[in-house]
Amino acid sequence: MAVIETDVLIIGAGPAGLMAANVMTKRGVDYICLEKKPGRSVLSKALGIQARSLELFEFLGVNKPFLKRGYPGPGAKIHLAGKHPSYVEMYHIKSRYPYLLIIPQDEIEEILENHLNERGGQIFREHEVLDVTQKDNGVYVTAVHHGITKTYFAKYLLACDGAHSKIRKELDVPFIGEDEGITFFTGDVEVPEMKEIHINLHLNDRGAAAFFPYKDGTYRVVGFDRTRQGGPRRKEMKLYELQETLDTILDRSYRVQHPKWLAYFGTAHRQVPNYRVGNVFFVGDAAHVNNPLGGQGMNIGLEDVGNLCWKIDTVLKGYAGNSFLDTYHEERAPVAKEVIRNTTLELKMIHMKGLLGQARNWSGKAALTQGWVQSIFANELSHVHSDYDKTPINRSFRDKSLSRKAIQAGERVPDQILFNEGTTDERLYPLIQRLGYVCLIYIDCYEQDLIDFAYNFAEQANQAFPDMLKVYLVARGGTVITERDELPIIYDVHRDLDKNLGMSKGSTLFIRPDGHVGFHDGSADVRKVMAKLKRYFI
């Protein structure tokens, strides 16, 4: 039997698998994506895209279709105590996307697959994985398609096949954690009496119910009813059961009708001990699961892809060694661990009743009147502060000579306004989207020593890593005339790179394709900066 060979094999075509296929297509990586199901799911499990995921979609060039199809959710109204709800407003998020983009998962998958197909990529559906075998040089996968058995070989495999991952089971990788023991209800329905743009959360001793408004006027409803806990859990829910549950929980009930789907479900928190096992990488729900509070799960999976795929491409192109891929687990596992910890704690708090529940309600209501509390809450939910600066490799690149406000290795780079070539305003993120690796060298103004440093570094970087990164000179303003014109000039007329990123004369900011800092160096020494660039890729 002939073996079908590729560089990367993606198993699963949910949001994470589809995004991985899109990134590989954009970067020109040879890949194959296999999916067991015959078509996309019609169920809208996840329903919101956080700000950081939208930024990653912008790097992929697919953000605009999402913005067109979804709508910016401004925040949540939380009914805790008293007649008036508390608010959590999302405008506090420090991003160009200060909101939760409300859009159901089936549409998310549709947009990603359409974008993939338009660029020549495709998903091979109705392929069921039978067996996985690891070798030193790659992974063999046996799959069956319409009764025909096929064997695939890839240098790397991305397990994007969900919480019940076949890849994880075949490799006997533990999924550490536990079920949370609560039965939730969920569904998409019409609620004629409700006219809301905010998420509405009702919480009391009888249970919890949240309404998430869609752009078409329907609502996702999700929650738990204390009177329906225990006993065997059914998957299917009837409309009358949902109505009875809402009548039980809410002080003022709302009539629900015309369900698209209804279901009961349980939750768990679990995580694999290492996201990398040989040449297999676990992504999204195959690597970690948590309860749905805060709309975190799908977004963490998308961000896993945003961290991993450019690293695989970097290794395949020969710029980095195989050990470079270990940083995927080092950077991403702590993010999911924190989300699991937070959502588990939130569920325990929501499940409180009696005096503890009353204390939670009044203290929560008091806290949410504070703008700084809302800001912390919104930014945590958005994942814009999911930095990697505490990993060993990024801590080793920390430059203590930089100012306290300077952005450091592993931190996310916020988008900035640039005056590019002295002719037009442009943002930083589109540069990253077009170029991948971007390096900014702050020369401040015309200073020959710094210009010589920038050109020497660009030459040596291109010799060591041909065609990998693009170097830009950054000046505050004025006339910058050089004998050569290979390096484009950005004028920091808005002082964004100075004020927001802490760049100053002689500093070199190396930005990764996912918009995080590779390193920020203030020495203006070619030998030191080149040594960091080479060490970065291990």
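Heavy-atom basis, side chains included; hydrogens, waters and symmetry copies ignored. For reference, positions follow the sequence shown, starting with 1. Keep in mind the model is a prediction, meaning the values are calculated, not measured.
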Take V129 and Y152 through the side chain to side chain contact (heavy atoms under 4.5 Å, CB included) test and state the conclusion after the steps. CA-CA 10 Å; V129 173; Y152 296 85; over 6 Å; no

Evaluation steps, side-chain hydrogen bond (donor to acceptor under 3.5 Å, both in side chains), between E55 and S95: CA-CA 8 Å; E55 291 178 350; S95 168; 2.8 Å; yes

Pair Y442-L450, side chain to side chain contact (heavy atoms under 4.5 Å, CB included): steps then yes or no: CA-CA 8 Å; Y442 212 105; L450 290 178; over 6 Å; no

Assess whether ring-ring contact (aromatic ring centres under 6.0 Å, His included) is satisfied between Y140 and F153, documenting all intermediate values. CA-CA 5 Å; Y140 285 91; F153 174 79; 4.8 Å; yes

K166 and D161: salt bridge (charged side-chain N to carboxylate O under 4.0 Å, His left out), yes or no, with the steps? CA-CA 7 Å; K166 174 72 171 178; D161 53 342; over 6 Å; no

Intermediate values then yes/no, side chain to side chain contact (heavy atoms under 4.5 Å, CB included), Y31 and T25: CA-CA 8 Å; Y31 75 93; T25 298; 2.8 Å; yes

Determine whether I441 and L487 satisfy the following criterion, side chain to side chain contact (heavy atoms under 4.5 Å, CB included), listing intermediate values before the conclusion. CA-CA 10 Å; I441 297 179; L487 299 184; over 6 Å; no

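Looking only at distances, a side-chain donor or acceptor of Q296 sits under 3.5 Å from a matching main-chain atom of L381. Remark: side-chain polar atoms of D492 are paired, donor with acceptor, to backbone N or O of L497 under 3.5 angstrom. A donor-acceptor contact shorter than 3.5 Å links the side chain of H520 to the backbone of I407. A side-chain donor-acceptor contact under 3.5 Å links Q271 to the backbone of A333. H516 places a side-chain N or O within donor-acceptor distance of the main-chain N or O of G410, the cut-off being under 3.5 Å. Side chain of K26 to backbone of Q433: a donor-acceptor contact under 3.5 angstrom is found. Side-chain atoms of N299 come within 3.5 Å of backbone atoms of Q50 as a donor-acceptor pair (strictly under, hydrogens ignored). Between the D304 side chain and the V283 main chain, no donor and acceptor come within less than 3.5 Å of each other. In terms of modelled atom types and a separation under 3.5 Å, the side chain of N394 and the main chain of K390 share no donor-acceptor contact.
In summary, the side chains of E459 and Q463 do not present any donor paired with an acceptor at a separation below 3.5 Å, with no hydrogens or angles considered. Defined by atom type and a distance below 3.5 Å, a donor-acceptor pair is present between the side-chain atoms of R332 and Y388. With hydrogens and angles left out, the side-chain atoms of N322 and Y156 include a donor and acceptor closer than 3.5 Å. A donor-acceptor pair shorter than 3.5 Å can be found between the side chains of Y97 and N63.
Between D399 and G522 the shortest heavy-atom distance is OD2-N, 3.0 Å. Closest approach of A378 to H92, counting heavy atoms only: CB-CB, 4.3 Å. Contact detail for A409 and G518: the closest heavy-atom pair is CB-O, 3.4 Å. Minimum heavy-atom separation, G301 to H288: N-CE1, 4.2 Å. Residues I340 and H269 approach most closely at CG2-CB, 3.5 Å, considering heavy atoms. In terms of heavy-atom proximity, V8 sits nearest to A154 at C-CB, 4.1 Å.
When N279, I10, T6, I167 are each tested for a side chain to side chain contact (heavy atoms under 4.5 Å, CB included) with L157, only one passes: I167. Considering R412, R395, K337, K311 as possible partners of E331, the one that fulfils the salt bridge (charged side-chain N to carboxylate O under 4.0 Å, His left out) test is K311.
In this structure, K317 places its NZ atom where more than 12 heavy-atom neighbours from other residues, nucleotides or ligands lie under 6.0 Å away. Environment of CZ in R527: sparse, with no more than 12 heavy atoms of neighbouring residues, nucleotides or ligands closer than 6.0 Å. Shown here is D172, whose CG atom has no more than 12 heavy atoms of other residues, nucleotides or ligands within 6.0 Å. A 6.0 Å sphere centred on NE2 of H385 holds more than 12 heavy atoms belonging to other residues, nucleotides or ligands.
Between Y429 and R96 there is no side-chain heavy-atom pair separated by less than 4.5 Å. A heavy-atom distance below 4.5 Å is not found between the side chains of M24 and D313. Counting heavy atoms from C-beta outward, V139 and V132 have side chains that approach closer than 4.5 Å. The side-chain heavy atoms of E110 and D106, taken from C-beta on, include no pair separated by under 4.5 Å. The closest side-chain heavy-atom distance from V23 to F59 is not below 4.5 Å. The shortest side-chain heavy-atom distance between L325 and V315 falls under the 4.5 Å cut-off. Proximity of R27 to P513: side-chain heavy atoms (C-beta onward) are separated by under 4.5 Å at one or more points. Residues P72 and M90 fail the side-chain proximity criterion, which asks for heavy atoms closer than 4.5 Å.
The aromatic rings of F519 and F510 are tilted relative to each other, their planes meeting at an angle between 30° and 60°.
A salt bridge is defined here as a Lys NZ or Arg NE, NH1 or NH2 lying under 4.0 Å from an Asp or Glu carboxylate O, and E113 with R40 meets this definition. A salt bridge links R476 with D498: the distance from a Lys NZ or Arg NE/NH1/NH2 to an Asp or Glu carboxylate oxygen falls below 4.0 Å.
Taken to the nearest 0.5 Å, the CD1 atom of I489 stands 6.0 Å off from the CD1 atom of I443. Separating the CG atom in N307 from the OH atom in Y328 is a distance of 7.0 Å, to the nearest 0.5 Å. The distance from atom CD of E107 to atom CG of L47, rounded to the nearest 0.5 Å, is 11.5 Å. The distance from the CG atom of L418 to the OH atom of Y472 is 9.0 Å, given to the nearest 0.5 Å. Here CG of L402 is found 11.5 Å from CG of L501. Values are rounded to the nearest 0.5 Å. Taking OG1 of T327 as the start and CG of L308 as the end, the distance is 9.0 Å to the nearest 0.5 Å.
Under the salt bridge (Lys or Arg N to Asp or Glu O under 4.0 Å) criterion, E447 pairs with K505, not counting sequence neighbours. In this structure, F175 has no ring pair (Phe, Tyr, Trp, His ring centres under 6.0 Å) partners at least two apart in sequence or on a different chain.
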Please tabulate, one pair per line, all N/O donor-acceptor pairs under 3.5 Å involving side-chain atoms of residues 529-538, not counting sequence neighbours.
residue	atom	partner	partner atom	Å
K532	NZ	D521	OD2	2.9
R535	NH1	S396	OG	3.1
Y536	OH	R512	NH1	3.3

